[in-house]
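Written below as structure tokens is the structure these notes are about.
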Amino acid sequence: MLKTLLSYIKEYRRASLLTPLCMIGEVVMEMIIPLLMASIIDQGVSAGNLDHIIKVGLIMIGAAGLGLLFGLLGGVFAARASTGFAKNLRMGMFENIQTFSFENIDRFSVAGLVTRMTTDVSNVQNAYQMILRMCFRAPASLIVAMTMAFIINARLASIYLIAVLFLGLFLVFIMSRAIKYFTQVFEKYDELNASVQENVTGIRVVKAYVREEHENSKFTKAAWNLYKMFTDAEKIVVYNGPVMTLTVYTCILLISWFGAKMIVAGSLTTGEMMSLLAYCMNILMSLMMLSMIFVMLTMSAASGRRIAEVLEEESTLKNPEDPVFEVADGSIEFRDVMFSYSATAEIPVLDHVNLKIESGETIGIIGPTGSSKSSLVSMISRLYDVTGGSVLVGGRDVREYDLDALRRQVSVVLQKNVLFSGTVIDNLRWGDADATPEQCREACRIACADDFIMRMPQGYDSEISQGGTNLSGGQQQRLCIARALLGKPKIIIFDDSTSAVDTATDAKIRAALRDEIPGTTKIIISQRVSSIEQADRIIVMDEGRVSGFGTHKELLASNEIYRDVYESQTGAEADFDAKGGDD
């Protein structure tokens with residue numbers, strides 16, 4: 001974990017090295033001042049030597065000024081190093097997430113990833129800044145102050161040594177008790193973020209079903225769990241302050257008591273006594289800092305492990321050593337394909353699938369919910385890898401292709417439409433970043449989206465809100481289809497992507513696809529027979545197997561599942577929106 005995290009310091013190594021040097025410089029200046037103070041008292045005030053007082057006083061002012069300068073520089077360098085470190089961690093996680101396969105993404109919840117990139121990184125950032133400043137300053141101050149105290153009077157300094165040992169053992173005890181709570185607390189953060197994310201994403205459903213009270217209750221429970229976990233940890237850590245204060249004042253009383261006796265006996269000067277008291281505060285404040293560091297490190301260790309998990313996660317999909325960059329054509333072949341989302345699954349999602357699709361064909365896919373229609377087409381663009389058999393595109397196994405090259409030639413219009421904040425044309429150019437306005441408009445004409453876009457206030461420059469919430473479901477789907485067409489792929493997959501479009505517009509889109517891109521292989525997943533009955537051939541899926549594969553007429557005659565679906569949709573329960581509409 002540490003090796004992974006530290007590799008992201010990168011260009012901030014210089015600031016990371018300068019910070020502890022400045023902190024040590026500050027400590028040295030601070031440790032000189034008590035000695036100078038003792039000299040003023042013993043050789044200046046007691047002896048009535050004004051010149052000595054002025055001379056040493058000026059040196060003290062210089063030392064204090066240097067200490068202030070070192071402290072300021074240390075703060076600046078520490079802030080630069082810690083914020084830069086946090087920036088690199090967030091960038092590293094985000095970039096690595098972009099390489100994840102669907103299988104990798106399934107291992108992390110969205111809320112968990114958000115927590116890791118925000119709360120966890122902030123914890124590590126604060127801990128790193130504290131390490132750079134306090135982890136060097138506190139031990140250095142402790143060691144130097146202890147050394148100076150022993151040089152002045154070893155007998156009195158032994159009181160400090162006993163106090164240090166006592167507090168050290170006490171810190172180890174309370175931290176060992178608190179660490180289990182800090183390890184668990186970030187799982188509660190995930191639950192809290194998940195509650196917020198679900199509520200905000202589905203706010204329309206929450207309002208429609210009047211479930212605000214239920215959502216409030218769920219969030220309150222998650223917030224209470226987080227509160228309780230932190231409270232349990234703090235109940236243990238809170239003992240640190242009182243014990244530290246008790247130790248500090250006990251040391252001051254003991255030093256004052258024994259020191260006064262030694263002054264009377266002549267074995268200790270007043271100046272030395274003042275220096276020992278000053279070093280007493282330095283030593284015990286250093287211990288206080290160390291205790292804060294232990295608390296912060298305990299919290300950040302859990303965060304660090306969670307960040308490292310994301311950074312160290314490797315995509316389950318990798319490019320071959322010598323990848324193929326050209327896809328010859330849009331032909332597709334499934335050879336005895338087996339697939340499971342989990343290695344321990346007893347029943348495969350796809351079970352011995354064998355199919356052969358010619359380039360340029362229009363293929364429909366239909367089947368009951370859960371029959372693995374979407375899983376089948378996920379194999380084509382290699383969103384998942386098969387667990388058995390092989391999938392060929394353009395005559396080659398998809399695992400031989402460069403992933404980017406393959407996915408540029410296999411466009412997928414997903415079941416769930418995803419649009420991003422920006423203009424209409426910005427969203428369209430996800431399909432082709434260099435597309436001209438004319439090419440964008442042509443793709444929208446094929447997808448039957450041009451008309452409604454031109455009715456928008458600023459046409460193709462109109463703003464789309466995040467998630468496309470200012471568009472209807474049918475409009476979102478048509479924009480997503482146009483976006484996929486802009487890439488000019490050899491294969492285009494429509495995963496139930498016209499479900500929110502009326503049947504009349506659906507028919508227009510299918511006709512345009514047939515006439516405008518005849519050489520592109522088109523795969524259409526749909527629950528409506530009317531959307532696929534004109535396809536060259538139709539695949540009927542049932543429980544991960546191919547139940548039938550043929551033309552509309554062939555399947556009506558030979559496949560019971562297809563015939564039942566057809567009859568249910570063309571009888572009394574036919575599509576209600578057959579006459580058309582906008583949504």
Side-chain angles (χ1 to χ4, degrees), residues 99 101-103 315-339 349-350 352-365 372-414 430-435 439 443 446 480-495 497 510 512-525 532 535-539 541 546 549-551:
T99 69
S101 66
F102 281 18
E103 184 179 344
S315 176
T316 56
L317 301 180
K318 295 185 180 295
N319 273 340
E321 292 184 4
D322 187 19
V324 176
F325 289 92
E326 292 294 330
V327 179
D329 55 46
S331 62
I332 304 166
E333 186 176 354
F334 286 75
R335 293 180 180 173
D336 200 33
V337 168
M338 300 283 291
F339 174 70
V349 175
L350 295 174
H352 298 288
V353 174
N354 289 280
L355 293 167
K356 193 167 185 179
I357 300 167
E358 299 299 328
S359 182
E361 273 193 296
T362 298
I363 301 295
I365 302 179
S372 303
K373 303 183 293 296
S374 296
S375 299
L376 180 74
V377 297
S378 294
M379 304 293 109
I380 299 171
S381 57
R382 206 184 167 200
L383 298 177
Y384 291 95
D385 264 343
V386 298
T387 51
S390 58
V391 177
L392 282 70
V393 170
R396 285 181 173 271
D397 192 314
V398 291
R399 289 168 291 195
E400 296 178 16
Y401 288 108
D402 174 77
L403 271 171
D404 290 346
L406 174 67
R407 289 173 183 169
R408 286 194 184 97
Q409 295 302 318
V410 183
S411 285
V412 182
V413 184
L414 296 170
W430 275 66
D432 180 2
D434 300 319
Q439 289 171 326
I446 297 172
C480 289
I481 292 170
R483 181 173 65 186
L485 291 171
L486 270 175
K488 299 180 179 62
K490 290 185 169 64
I491 299 169
I492 187 165
I493 299 168
F494 302 95
D495 188 354
S497 53
R510 284 186 281 107
L513 292 172
R514 182 180 61 249
D515 297 337
E516 300 290 342
I517 51 172
T520 301
T521 304
K522 296 165 282 293
I523 299 176
I524 303 168
I525 298 175
I532 61 171
D536 297 317
R537 288 186 291 171
I538 300 166
I539 301 168
M541 295 295 296
V546 177
F549 188 28
T551 64

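- Around the CG atom of D322, the shell of radius 6.0 Å holds no more than 12 heavy atoms that belong to other residues, nucleotides or ligands.
- L350 has its side chain within reach of M541: a pair of non-hydrogen atoms, C-beta onward, lies under 4.5 Å apart.
- Contact check for L383 versus R407: side-chain heavy atoms found under the 4.5 Å cut-off.
- Taking 4.5 Å as the limit, every side-chain heavy atom of V386 sits out of range of all side-chain heavy atoms of V398.
- Between S331 and G395, the shortest heavy-atom distance links the atoms OG-N, 3.8 Å.
- Here OG1 of T387 is found 8.0 Å from CE of M379. Values are rounded to the nearest 0.5 Å.
- A distance-only check finds a donor-acceptor pair linking the side chain of T521 to the backbone of G360 [under 3.5 Å].
- Within 6.0 Å of the NZ atom in K356, the count of heavy atoms belonging to other residues, nucleotides or ligands does not exceed 12.
- Atom CD1 of I523 is separated from atom NZ of K373 by 14.0 Å, given to the nearest 0.5 angstrom.
- With contacts defined as side-chain heavy-atom distances shorter than 4.5 Å, the pair I380/V393 qualifies.
- Residues V349 and S372 approach most closely at O-OG, 2.9 Å, considering heavy atoms.
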Practice prompt. Decide side chain to side chain donor-acceptor pair (under 3.5 Å) for S315 and T99; before the verdict, give the C-alpha distance in whole Å, the side-chain angles of both, and the deciding distance to 0.1 Å.
Written response: CA-CA 6 Å; S315 176; T99 69; 5.4 Å; no
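- The shortest distance between side-chain heavy atoms of V327 and V410 does not fall below 4.5 Å.
- You'll find the side chain of R382 reaches within 4.5 Å of the side chain of L403, heavy atoms only.
- For the atom pair I357 CD1 and K522 NZ, the distance stands at 12.0 Å (nearest 0.5 Å).
- With rounding to the nearest 0.5 Å, the separation of CD1 in I332 from CG in L392 is 10.5 Å.
- Between L376 and L355, the closest side-chain pair of non-hydrogen atoms falls below 4.5 Å.
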Discussion item. Between N354 and F334, is the side chain to side chain contact (heavy atoms under 4.5 Å, CB included) condition met? List the steps.
Written reply: CA-CA 5 Å; N354 289 280; F334 286 75; 5.8 Å; no
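- For the pairing with S411, the side-chain contact (heavy atoms from CB on, under 4.5 Å) check across I492, L486, I481 returns one residue only, I492.
- Minimum heavy-atom separation, K490 to A328: CE-O, 3.6 Å.
- Other residues, nucleotides and ligands place more than 12 heavy atoms under 6.0 Å from the CZ atom of R399.
- Closest approach of S390 to D397, counting heavy atoms only: CB-OD2, 3.3 Å.
- Formation of a donor-acceptor pair under 3.5 Å by the S359 side chain with backbone atoms of G330 is found in this model.
- Here the straight-line distance linking atom CZ of F325 with atom CZ of R408 works out to 10.0 Å at 0.5 Å rounding.
- For the pair S381 and V412, the tightest heavy-atom approach, listed with the atom from each and the gap, is OG-CG2, 3.8 Å.
- Taking CG of D329 as the reference point, atom OG1 of T520 lies at 11.5 Å (rounded to 0.5 Å).
- With hydrogens and angles disregarded, no donor-acceptor distance shorter than 3.5 Å links the side chain of D536 to the backbone of I363.
- Contact annotation: the side chain of Y384 never approaches that of T316 to less than 4.5 Å [non-hydrogen atoms, C-beta and beyond].
- The minimum heavy-atom distance between Y401 and N319, with the atom names listed, is O-OD1, 3.7 Å.
- Here R335 pairs with E333 under the salt bridge (Lys or Arg N to Asp or Glu O under 4.0 Å) rule; sequence neighbours left out.
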